[in-house]
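The structure appears right after this line, and notes come after that.
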Amino acid sequence: MGLKSFVEVSPESHFPLENLPFGVFRPKTAAAAGGSCPPPLAARPGVAIGDLVLDLSAVASAGLFDGPVLKNNHQCFLQPSLNMFVEMGRPAWKEARSTIQKLLSADEPRLRDNATLREKSLIPMGEVQMLLPTIIGDYTDFFCSMHHAKNCGTIFRGPENPISPNWFHLPIAYHGRASSIIVSGTDIIRPRGQGHPSGKSPPYFGPSQKLDFELEMAAIVGPGNELGKPVDVNKAADHIFGLVLLNDWSARDIQAWEYVPLGPFLAKSFGTTISPWIVTLEALEPFACDAPKQEPQPLPYLDENNHRNYDIPLEVWVKPAGHEHPSIITRSNFNHLYWTLTQQLAHHTVNGCNLRAGDLLGTGTISGPDPESYGCLLELTWNAQKPLTINGSDRKFLEDGDEVIITACCKTPTPRTWLLDNRICRIIAPHQATHQARYLVCLRGFCRCSSQGHVFLSSSEVIALGSSSHRSTNLFVMYLFSFLVGSGFVSA
Ligand SMILES: O=C(O)/C=C/C(=O)CC(=O)CC(=O)O
Ligand SMILES: [Ca+2]
Ligand SMILES: [Mg+2]
């Protein structure tokens with residue numbers, strides 16, 4: 001039997017009392033905010049429990065964070081991001097978790113029997129909008145699955161020496177773009193750029209023809225380190241607040257042309273999606289497991305006493321436009337990572353580079369050893385040589401209107417399954433006139449809300465359609481199109 005809350009939590013819920021992930025939300029209406037302080041529609045931290053969000057600003061304002069660390073520091077929950085809280089470090093995280101677990105438990109009356117406070121602080125998930133959980137100053141993306149590195153190397157350079165010799169000595173990474181990190185449910189606009197030339201022809205320019213997802217997770221940095229002061233690998237876990245899912249959308253044709261010799265740039269920076277709920281390392285502790293044995297032995301600064309991963313089953317589903325149901329296309333596991341989270345963080349700081357609270361460290365694509373466990377379409381279709389069948393049609397890369405859904409769900413010894421779940425984005429074509437954007441921000445099987453949106457052409461999208469490069473002509477085409485669409489002469 002798991003822990004019991006006075007809040008009803010269905011056995012399929014990803015958010016039982018043992019999980020308690022942290023996020024930032026905004027009530028959709030003043031009524032949902034219960035007229036609470038701070039201002040009703042302001043962003044604030046929350047914790048997921050069953051189908052509800054516990055408003056931590058309301059709990060803090062009621063004086064219920066009364067432990068020694070948070071009693072005089074509860075302003076960390078009156079903020080529009082979790083940065084102040086994650087920077088406080090493990091003593092604050094542990095105290096917050098045990099206070100919240102106690103407040104929500106079935107035999108604790110303080111919240112259970114206070115109808116006014118319950119009304120104010122427990123909000124149905126359908127009535128909130130999830131936001132990015134932290135202000136992300138910097139984002140780094142690693143390359144830590146050996147299977148992924150081997151497959152990419154084989155595809156691009158042949159099977160003789162697919163993994164470059166440095167890979168087994170250090171966790172390779174590139175510096176990603178923080179400004180385009182978006183929360184699950186935000187549409188992705190297909191990027192345009194230069195694609196790899198074929199033969200003697202000039203490079204292609206236009207919408208990417210090889211749009212891919214990458215199945216990743218990412219660490220949210222807690223306390224940072226001072227410039228010039230590396231973090232010891234055996235203390236690195238104290239700098240990691242928790243994990244989110246991450247989709248490193250990748251334009252493979254743009255990447256293949258631009259990444260020599262400095263690495264990915266525009267092929268990745270058009271958007272990176274993360275899940276809204278940060279699952280803490282504390283909550284993941286029951287799923288800790290040995291990480292793969294490393295050969296050769298890492299240099300001393302990477303040689304850790306506790307070489308651990310987490311057993312987190314991961315799935316990717318794709319739902320093509322107009323289809324009711326998604327199809328599963330891969331099953332992987334976080335435990336396939338060769339370089340651990342703590343090795344990634346220690347390596348990142350070994351030159352003295354300073355990390356800051358709220359920073360995001362992506363693991364890199366998490367592929368397993370079997371073809372059914374590869375973490376991106378580049379590998380699953382072997383760079384379009386072996387198309388997949390999705391809901392009856394052949395698929396090499398992502399198409400407009402696809403929804404990519406990444407889920408992670410740890411299994412406890414009890415029948416309960418939980419962790420986090422994430423429905424990520426539909427893809428919007430830059431060359432389509434209009435789009436009826438309908439997507440579910442949906443935690444599969446336990447919480448549903450839907451929203452409608454309309455995305456119209458931007459001028460750059462029209463330039464992709466028009467044959468003239470003359471700006472006024474393009475603007476004219478844009479207005480003409482907008483008019484025709486708005487008048488119902490042209491449909492999406
Ligand atoms: O090995 C190569 O040349 C290329 C590798 C990749 O393209 C992998 C990649 O996209 C990096 C990543 O996981 O973000
Ligand atoms: Ca990546
Ligand atoms: Mg990206």
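For ligands, and for the atoms within them, numbers begin at 1 and follow the listed sequence. Computation of the quantities below employed the complete heavy-atom set of this structure, encompassing side-chain atoms and omitting hydrogens, waters and symmetry-equivalent molecules.
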min-distance N/O/S atom, E216 vs the Ca ion (ligand 2), resolves to OE2
Taking only non-hydrogen atoms of K268 and a 4.0 Å limit, the atoms of ligand 1 in range are 9 (C), 10 (O), 11 (C), 12 (C), 14 (O)
Taking only non-hydrogen atoms of R157 and a 4.0 Å limit, the atoms of ligand 1 in range are 1 (O), 2 (C), 3 (O)
Per-atom filter on ligand 1: closer than 4.0 angstrom to a heavy atom of E214 are 9 (C), 10 (O), 12 (C), 13 (O), 14 (O)
One finds that the ligand 1 atoms under 4.0 Å from a non-hydrogen atom of Y174 are 14 (O)
Q.
Is the distance from the ring center of F241 to that of W93 below 6.0 Å?
A. yes
- prompt: Is a donor on one side and an acceptor on the other found under 3.5 Å between the side chain of E216 and the backbone of D248?
  reply: no
heavy-atom search around atom 3 (O) of ligand 1 in the protein gives Y259 OH, 2.5 Å
Note: ligand 1 atoms sitting under 4.0 Å from heavy atoms of C152 are 1 (O), 5 (C), 6 (C), 8 (C)
Here the gap from C410 atom SG to Y310 atom OH, rounded to the nearest 0.5 Å, amounts to 10.5 Å
Paired with D212, the side-chain contact (heavy atoms from CB on, under 4.5 Å) test is passed by just one of L377, T381, D253, namely L377
Numbered in order shown, the ligand 1 atoms found under 4.0 Å of a heavy atom of D141 are 14 (O)
Here the N/O/S atom of E214 closest to the Ca ion (ligand 2) would be OE1
Within 4.0 Å of some non-hydrogen atom of D248, the atoms of ligand 1 are 14 (O)
T365 heavy atoms within 4.0 Å reach ligand 1 at atoms 13 (O)
The atom of D141 among N, O or S that is nearest the Ca ion (ligand 2) is OD2
Atom 6 (C) of ligand 1: closest protein heavy atom, distance to 0.1 Å, is Q255 NE2, 3.6 Å
The residue among L361, L281, V86 that forms side-chain contact (heavy atoms from CB on, under 4.5 Å) with I240 is L281
The atom name of the N, O or S atom in D248 nearest to the Ca ion (ligand 2) is OD2
